[in-house]
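In what follows, a single structure is set out as structure tokens and then discussed.
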Amino acid sequence: MQPFIDFNLNLETFLSDLTTLIDNNHQTIKDLLAIADKTYANFIRPFDLMEEEMELHFTPLSHINAVNNSAESQKVYADALPILTDYSTFVGQNLAIYEAFKAVKANEYEALNHEQRRILDLNILHFELAGAHLDEASKQRLAEINLRKSTLTNDFSQNVLDATNAYEKIITDEADVEGISENDLEDARFEEDGVTKYRFTLQMPSYIAYMTYGKNRSIREELYRAYTTRAPQNGAIIDELMALRQEMAQLLGFESYSAYSLASKMAPDTATVLKFLNDLALTSRAQAEREVGELHTIAGDIELQSYDTAYYGEILKKAQYDIDEEEYRPYFEQNTVVQGMFDFLHRMFDIRFEKVDAPLWDEKASVYDLYDGETLRARVYFDLEARKNKRGGAWMHNFQTHCEDTTGGKHLSSAFIVCNFPPSSDTSPSLLRHDDVVTLFHEMGHTLHHLLSTVREHGVSGVNGVEWDAVEFPSQFLENFAYEPKVLKLFAKHYQNGEVLSDEMIAKLIRAKNFQSGLFMLRQLEFSLFDFELHSKLYQGEEIQALLDSIREKTALIKPPAYNKFQNGFSHIFSGGYSAGYYSYKWAEVLSADAYYAIVDEGIFDSDLARKYKEIVLGGGGSQSMQDLFKEMMGRECETKNLLRLNGING
């Protein structure tokens with residue numbers, strides 16, 4: 001058997017193939033339920049492995065709809081969602097399956113290993129969170145809610161993508177692009193009727209380039225206004241989605257959607273989360289106020305607005321740290337960075353990557369096999385450059401999962417890393433900002449969490465079964481190493497002459513790491529508080545904006561313009577998996593900061609803790625609670641002090 005399936009998507013037959021697969025699963029479930037003496041081996045494991053088949057079929061469509069979006073992929077995806085949702089609801093609410101899991105737990109729990117116990121515990125919880133124990137009328141209403149939610153979240157995401165793709169700002173005056181790097185200008189430049197023009201869009205590399213370096217304030221505001229008013233139709237979607245989430249939570253016996261969300265997370269209750277976030281905001285505010293004062297000083301007489309902060313922030317950073325981000329980009333050529341990251345991972349974890357020839361969805365995409373020592377372990381796909389019809393942002397998407405099947409056959413893992421870095425061309429390479437390097441390391445951290453699992457049970461292998469407020473731990477952990485001098489020297493080499501980034505430039509980069517860290521902390525806490533409080537009771541219409549405004553009284557030291565409707569583009573919580581969970585970024589950062597400093601103190605490449613991290617945290621996947629894996633790795637409970645240290649904030 002081939003260790004990896006080929007990436008393949010047939011849009012013409014996808015829906016009929018999906019229907020066939022679901023029909024087969026229904027029959028499998030019927031056969032499993034007919035077993036008189038149900039055990040873990042004859043019932044639980046075969047049931048768990050059905051999820052792998054669904055993922056292998058659906059993931060290519062989900063991936064292509066995000067990275068190569070088309071009218072055809074949109075239609076097939078939209079048509080597939082209700083089919084999948086109906087099936088998911090049928091399984092999740094199936095009382096017979098729920099009772100079978102409870103029976104196996106009652107009969108075998110003490111004889112099972114920790115992975116198998118975790119499968120039972122998590123599945124029983126998920127059945128209860130899906131309403132398997134409820135009356136038929138409640139189940140029917142939950143089914144209707146699930147179906148409608150799947151449509152709304154997809155519509156929200158597509159609206160943001162369409163609005164992002166629809167906008168462009170054409171600039172003809174050379175004075176308006178003065179100060180912008182030649183690499184960014186080359187991406188923007190085009191000729192029309194014998195006139196040189198520049199096209200700036202809402203795609204991140206283009207948008208960031210003008211907002212950071214564009215001198216024309218009115219153009220900055222025009223771009224900012226376009227970005228923060230995208231997809232106004234999403235306001236109605238938010239209202240309906242919030243009402244459905246609150247109704248669902250109450251049907252399941254929870255006071256709010258936030259409380260429902262925490263049932264499967266590490267955080268014990270809503271009060272604990274809110275205290276954690278508000279305490280961080282209070283601790284960070286004094287430093288943020290000093291940082292805003294510095295911005296006002298550098299900006300002079302103008303009344304600072306949100307569309308000024310990146311521009312004057314860059315001027316201030318140059319003044320304070322003698323650092324120019326653009327001077328670093330020639331040292332971060334995309335391919336060299338990727339290969340250097342591989343070298344770093346080889347030295348720290350004894351893993352290596354070998355490029356593979358395989359048919360992919362875009363000529364810029366690539367695929368590598370991952371070896372642990374000499375053993376083939378996994379496969380990773382990269383799609384790193386921005387382009388039209390590709391969803392913005394960066395993410396990891398798991399594909400295959402390491403596990404054993406019912407015959408003892410071993411399945412290997414695979415995953416996608418997607419970013420939106422500056423595009424390369426025939427005449428210029430893709431030169432990254434250091435922030436892009438950090439993003440790549442972050443997504444690789446997620447990816448290794450999935451790929452290096454040694455767990456045998458599919459449902460708790462890799463990122464499966466990991467508490468949502470712990471899932472950012474491995475990604476944040478790895479991104480920190482993008483600032484380590486001995487790591488940077490592996491790949492920070494000038495793309496034209498191979499010159500290694502100097503010690504002086506590295507020192508400047510590290511000193512500037514926590515530039516405006518107080519402001520950044522408050523912005524992340526604004527997102528987290530808005531998300532969590534929004535899901536703590538039902539808000540509708542203008543109440544949502546009023547809630548955001550009230551949170552900004554604590555977190556936004558420069559008030560955004562009234563037209564800013566950030567929430568209409570907040571895909572993380574309205575079309576991603578972070579609803580009532582955005583706080584997870586900071587919650588998990590407590591773990592990642594603690595582990596990072598412990599490993600740095602041991603020398604990084606010769607660290608015994610790094611080996612334990614690989615074996616226990618990455619190898620353990622979702623087979624135990626992350627707080628238990630962390631304690632096993634460190635030999636102690638997590639210490640919170642390093643979160644503020646990492647962010648350069650005096651607590």
Side-chain angles (χ1 to χ4, degrees), residues 22 24-55 84-143 145-146 248-255 257 259-266 268-269 401 403-406 455-461 464-468 620-628:
I22 288 175
N24 291 340
N25 280 3
H26 277 290
Q27 185 58 51
T28 300
I29 290 170
K30 194 174 180 180
D31 294 343
L32 289 173
L33 288 172
I35 298 172
D37 184 18
K38 298 179 182 66
T39 65
Y40 191 96
N42 69 20
F43 183 86
I44 304 297
R45 180 173 271 184
F47 176 84
D48 184 45
L49 287 167
M50 287 196 302
E51 184 64 25
E52 171 87 337
E53 296 178 51
M54 294 295 292
E55 288 173 357
L84 275 169
T85 304
D86 280 343
Y87 172 73
S88 178
T89 299
F90 162 77
V91 173
Q93 294 186 353
N94 194 300
L95 185 61
I97 304 175
Y98 172 51
E99 294 293 351
F101 267 81
K102 290 198 295 182
V104 172
K105 180 174 180 176
N107 294 333
E108 289 188 62
Y109 198 72
E110 296 305 319
L112 299 176
N113 64 40
H114 73 273
E115 294 178 9
Q116 295 165 335
R117 291 179 183 183
R118 182 82 165 163
I119 286 283
L120 289 173
D121 291 340
L122 288 182
N123 273 279
I124 289 169
L125 174 62
H126 292 156
F127 281 118
E128 291 167 356
L129 293 178
H133 58 299
L134 298 180
D135 60 76
E136 288 305 314
S138 297
K139 284 183 177 181
Q140 177 58 38
R141 179 55 187 153
L142 281 174
I145 289 173
N146 289 338
M248 181 190 79
Q250 291 182 335
L251 279 170
L252 291 166
F254 295 92
E255 182 181 356
Y257 188 85
Y260 159 82
S261 169
L262 293 188
S264 56
K265 294 183 170 70
M266 283 199 305
D269 51 53
T401 296
C403 62
E404 285 186 11
D405 59 31
T406 53
V455 176
R456 296 169 58 192
E457 306 299 325
H458 171 270
V460 292
S461 181
N464 297 329
V466 177
E467 302 103 326
W468 198 261
S623 64
Q624 293 175 258
S625 173
M626 186 60 80
Q627 57 196 8
D628 295 332

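Computed from a predicted structure; not experimentally measured.
A donor-acceptor contact closer than 3.5 angstrom links the side chains of S138 and D135. Checked by atom type, the side-chain pair N146/T89 shows a donor-acceptor distance below 3.5 Å. In the model, E467 has no side-chain atom that pairs as donor or acceptor with a side-chain atom of S264 under 3.5 Å. Y40 and N107 are not linked by any side-chain donor-acceptor pair at a separation below 3.5 angstrom, with hydrogens and angles left out of the test.
A donor-acceptor contact shorter than 3.5 Å links the side chain of E115 to the backbone of R456. In this structure, R117 contributes its side chain and Y109 its backbone to a donor-acceptor pair below 3.5 Å. Under a 3.5 Å cut-off, the side chain of K38 and the backbone N or O of V104 do not form any donor-acceptor pair. Proximity of a side-chain donor or acceptor of R118 to a complementary backbone N or O of G622 within less than 3.5 Å is detected. A distance-only check finds a donor-acceptor pair linking the side chain of N42 to the backbone of D37 [under 3.5 Å]. A donor-acceptor contact shorter than 3.5 Å links the side chain of N464 to the backbone of H458. Looking at K265, its side chain does come within 3.5 Å of a backbone N or O of S261 through a donor-acceptor pair.
Taking CD of Q116 as the start and CD1 of I44 as the end, the distance is 10.0 Å to the nearest 0.5 Å. One finds the CD1 atom of I97 at 8.5 Å from the CG atom of L32 (value rounded to the nearest 0.5 Å). We find the CD1-CD distance between I124 and E99 to be 9.5 Å, quoted to the nearest 0.5 Å. With rounding to the nearest 0.5 Å, the separation of CZ in R141 from CG in L134 is 13.5 Å.
Ring-centre distance between H133 and F127: not below the 6.0 Å cut-off.
Both the sub-6.0 Å distance and the 45° axial angle are not jointly satisfied by K105 relative to the ring of F101.
Pairing each heavy atom of A132 with each of L95, the nearest pair is O-CD1, 3.4 Å. In plain terms, the two heavy atoms of D269 and L262 that are nearest each other are C-CD1, 3.2 Å. Counting all heavy atoms, side chain and backbone alike, A41 lies closest to P46 at O-CD, 3.4 Å.
I22 has its side chain within reach of M54: a pair of non-hydrogen atoms, C-beta onward, lies under 4.5 Å apart. The shortest distance between side-chain heavy atoms of Q250 and Y260 does not fall below 4.5 Å. Put simply, the side chain of E457 does not reach to within 4.5 Å of the side chain of S623, judged on heavy atoms. Looking at heavy atoms from C-beta onward, L49 lies out of side-chain contact with E53 at the 4.5 angstrom threshold. Two residues are said to be in side-chain contact when any heavy atoms from C-beta on lie closer than 4.5 Å; D48 and F43 fail this criterion. Side-chain atoms of I29 and F90, non-hydrogen and from C-beta on, do get closer than 4.5 Å to each other. With contacts defined as side-chain heavy-atom distances shorter than 4.5 Å, the pair Y257/L252 does not qualify. Residues L251 and I145 are in side-chain contact: their nearest non-hydrogen atoms beyond the backbone lie under 4.5 Å apart.
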Check against side chain to side chain contact (heavy atoms under 4.5 Å, CB included), L129 and F254: CA-CA 10 Å; L129 293 178; F254 295 92; 3.7 Å; yes
Stepwise side-chain hydrogen bond (donor to acceptor under 3.5 Å, both in side chains) check, Q93 with Y98: CA-CA 8 Å; Q93 294 186 353; Y98 172 51; over 6 Å; no
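Within 6.0 Å of CD in Q627 there are more than 12 heavy atoms belonging to other residues, nucleotides or ligands.
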